[in-house]
Amino acid sequence: MPEKITLAEDGALRVPDEPIIPFIEGDGTGVDIWPAAKAVLDAAAAKHGKRVAWKEVLAGEKAFRETGEWLPQSTVEAFREHLIGIKGPLTTPVGGGIRSLNVALRQILDLYVCLRPVRYFSGVPSPVRQPELVDMVIFRENTEDVYAGLELAEGTPEVARLLAFLHDSFGWDLRADSGVGIKPISVTGSKRLVRAAINYALAHHRKSVTLVHKGNIQKFTEGAFREWGYEVVREEFADAAVAWDDCGGDPGDRLLVKDAIADITFQQVLTRPSEFDVIATTNLNGDYLSDALAAQVGGIGIAPGGNINYVTGHGVFEATHGTAPKYAGQDKVNPGSVLLSGVLMFEHIGWQGAADDIVAALEETIAAKIVTYDFARLMEGAREVRTSQFADAIIERL
């Protein structure tokens, strides 16, 4: 019988054998990739005696056509009430109103962690020599930084007042024809993000957490993120984790927490990827870094993502790519991103066996060179199949 996922007093999710999980099909190629991913998720769950009671909710173009709203309140409430959900790619409305439907959901539900695991699947075409060395999990802060959307447009009376205030109060001489944005980085946002990353690393027996920042330039935002992160290590995890400066790089049997400047990190994840494990970083850094890493292992077409609040129990898992409307309805594109986001969702709710089976079947399918067009054009001897056929091939190998 379908039941809601609930949150226990100890903060753990209570997941029935048939949980009700809201889903958003997604715009553009969502009509192709969601049914394919759903078929695989259902087959894997059934193998382990589980079943998902899917509940469709609307957002994006489909919602606008049917309700006149891009993000109906009923959709927000469904995610709030059922705790866990999944979504395909969504169109960002052009012009005024919501800046991004994805960002709106994260902020409304305070989904402060953007969880982006990046790993290599054998046989996937890659632009780097040793993509198999890439096995990282990115914890990107999801609610602050420039994504908070605090901006004033150039030439407006509002920005003129702000520029005058900054000049009069702080002596900041900014060009009069500037647009101005505010970049908030808080103790609260930083510490809960780093706390989540350390808890994840300990639970999954990872060897290190790297705090990635631009603190050499932005000392009171990015630099503060670094300092607050180390405070979490020393104040809350002293028995299980240790900062690099406190151990000289030799953590013993504890988790090592270190830090790296953002621009150097972009170089080193290419040249020395095995030195990175779990990464905790601010919003913009995390956005860039997760997509750059995904490119090393086959592209964002197979990059999963989850937006999570570990305190309230809410999580919305999502395809990390765009809508690609020119391919919509062609049964052509790779469903890997939303499928692997479903795997991430299964792991999050404790259905590890089903998640592992999907990953193994996906790897076997790619190894057999049965792939969608994006991989087929880069693989010698590949058999190109449609989106639905790719899902069928994975199900056969479950």
Exercise. Evaluate salt bridge (charged side-chain N to carboxylate O under 4.0 Å, His left out) for Glu363 paired with Arg119, printing each intermediate quantity in order.
Key: CA-CA 12 Å; Glu363 285 189 301; Arg119 53 154 294 184; 2.8 Å; yes
Quiz item: Passes side-chain contact (heavy atoms from CB on, under 4.5 Å), Leu13 versus His348? Steps please.
Solution: CA-CA 9 Å; Leu13 292 175; His348 185 71; 3.8 Å; yes
Practice problem: Go through the steps for Asp291 and Arg116 under the test side-chain contact (heavy atoms from CB on, under 4.5 Å), then give the verdict. | Solution: CA-CA 9 Å; Asp291 280 5; Arg116 292 284 297 272; 3.2 Å; yes
Exercise. For side-chain hydrogen bond (donor to acceptor under 3.5 Å, both in side chains), just list the numbers for Asn285 and Thr282, CA-CA rounded to whole Å, side-chain angles, deciding distance to a tenth of an Å, and then say yes or no.
Key: CA-CA 6 Å; Asn285 290 334; Thr282 51; 3.0 Å; yes
Practice problem: Go through Lys62 and Glu56 one step at a time and tell me if the salt bridge (charged side-chain N to carboxylate O under 4.0 Å, His left out) criterion holds. | Solution: CA-CA 11 Å; Lys62 189 173 184 179; Glu56 184 173 15; 2.8 Å; yes
Practice problem: Could you please spell out the steps behind the salt bridge (charged side-chain N to carboxylate O under 4.0 Å, His left out) verdict for Arg254 and Asp246? | Solution: CA-CA 12 Å; Arg254 288 183 288 178; Asp246 297 336; over 6 Å; no
Quiz item: For Val338 and Phe317, what are the C-alpha separation, side-chain angles and deciding distance, and is it a side-chain contact (heavy atoms from CB on, under 4.5 Å)?
Solution: CA-CA 8 Å; Val338 71; Phe317 299 81; over 6 Å; no
Exercise. Under the side-chain hydrogen bond (donor to acceptor under 3.5 Å, both in side chains) rule, what do Asp357 and His48 come out as? Steps first, then yes or no, please.
Key: CA-CA 10 Å; Asp357 285 349; His48 291 266; 2.6 Å; yes
Quiz item: Yes or no on salt bridge (charged side-chain N to carboxylate O under 4.0 Å, His left out) for Arg206 and Asp135, after CA distance, side-chain angles and deciding distance?
Solution: CA-CA 10 Å; Arg206 294 279 183 159; Asp135 184 10; 3.4 Å; yes
Practice problem: Kindly determine whether Thr312 and Asp110 satisfy side-chain contact (heavy atoms from CB on, under 4.5 Å), including the steps that lead there. | Solution: CA-CA 9 Å; Thr312 65; Asp110 197 24; over 6 Å; no
Exercise. Evaluate the side-chain hydrogen bond (donor to acceptor under 3.5 Å, both in side chains) criterion for residues Tyr230 and Asp259: first the C-alpha distance (whole Å), next the side-chain angles of each, then the deciding distance (0.1 Å), finally the verdict.
Key: CA-CA 9 Å; Tyr230 280 134; Asp259 73 278; 2.7 Å; yes
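Applying the ring-ring contact (aromatic ring centres under 6.0 Å, His included) criterion to Phe139, with sequence neighbours excluded, gives Tyr200. With sequence neighbours left out, the ring-ring contact (aromatic ring centres under 6.0 Å, His included) criterion links Phe79 to no other residue. Residues satisfying the side-chain contact (heavy atoms from CB on, under 4.5 Å) criterion with Pro35, sequence neighbours excluded, are absent altogether.
Between Ala280 and Val209, the shortest heavy-atom contact is CB-CG1, 4.3 Å. When every heavy atom of Ile20 is checked against every heavy atom of Pro2, the shortest pair comes out as CG1-CB, 3.8 Å. What you find for Ala355 and Glu347 is that their closest heavy atoms are CB-CG, 3.6 Å. Residues Val118 and Ser290 share a closest heavy-atom pair of CG2-O, 4.4 Å. The heavy-atom pair separating Ala295 from Pro127 by the smallest distance is O-CD, 3.3 Å. The two residues Ile370 and Ala393 have their closest heavy-atom pair at CG2-CB, 4.0 Å.
In this structure, Phe375 has its ring center at least 6.0 angstrom away from the ring center of Phe121.
Rounding to the nearest 0.5 angstrom, the gap separating the CG atom in Asp277 from the NZ atom in Lys258 is 8.5 Å. Note that the CG atom of Asp250 and the CG atom of Leu256 stand 9.0 Å from one another [nearest 0.5 Å]. Here Ser190 contributes atom OG and Glu231 contributes atom CD; the two are 10.0 Å apart, rounded to the nearest 0.5 Å. Atom CD1 of Ile217 and atom CG of Asp263 lie 8.5 Å apart (nearest 0.5 Å). To the nearest 0.5 Å, atom CG of residue Leu344 and atom CD1 of residue Ile349 are 11.0 Å apart. Between the CD atom in Glu25 and the NZ atom in Lys38 there is a gap of 11.5 Å [rounded to 0.5 Å].
With hydrogens and angles disregarded, a donor-acceptor distance shorter than 3.5 Å links the side chain of Thr387 to the backbone of Val333. No side-chain donor-acceptor contact under 3.5 Å links Thr320 to the backbone of Pro304. With hydrogens and angles ignored, the 3.5 Å screen pairs no side-chain donor or acceptor of Thr210 with any backbone N or O of Val212. Side-chain N or O atoms of Asp32 include none that pairs as donor or acceptor with a backbone N or O of Lys332 at under 3.5 Å. Judged by distance alone, with hydrogens and angles left aside, the side-chain atoms of Lys219 form a donor-acceptor pair with the main-chain N or O of Asn216 at under 3.5 Å. Side chain of Asp145 to backbone of Leu284: a donor-acceptor contact under 3.5 angstrom is found.
With Ile24 as reference, Leu90 is the one residue of Leu58, Leu71, Leu90, Val316 to meet the side chain to side chain contact (heavy atoms under 4.5 Å, CB included) rule. Checking each of Arg106, Arg140, Glu144, Lys183 against Asn283 for a side chain to side chain donor-acceptor pair (under 3.5 Å) leaves exactly one that passes, namely Arg140.
Atom CG of Asp253 has 12 or fewer heavy atoms from other residues, nucleotides or ligands within 6.0 Å. Atom CZ of Arg383 is surrounded by 12 or fewer heavy atoms from other residues, nucleotides or ligands within 6.0 Å. No more than 12 heavy-atom neighbours from other residues, nucleotides or ligands sit within 6.0 angstrom of CD on Glu380. Under a cut-off of 6.0 angstrom, the local environment of NZ in Lys207 is crowded, with over 12 non-hydrogen atoms contributed by other residues, nucleotides or ligands. Atom CZ of Arg80 has more than 12 neighbouring heavy atoms from other residues, nucleotides or ligands inside a 6.0 Å radius. Sparse packing is recorded around CH2 of Trp244, with 12 or fewer heavy atoms of other residues, nucleotides or ligands lying under 6.0 Å away.
Using a 30° and 60° split on the angle between ring planes, Phe170 and Phe165 fall in the perpendicular class, above 60°. Under the 30°/60° scheme for interplanar angles, the aromatic rings of Phe346 and Trp351 are found to be tilted.
Contact check on Glu235 versus Lys191 returns a salt bridge, with a Lys/Arg side-chain nitrogen under 4.0 Å from an Asp/Glu carboxylate oxygen.
Contact check for Leu340 versus Leu362: side-chain heavy atoms found under the 4.5 Å cut-off.
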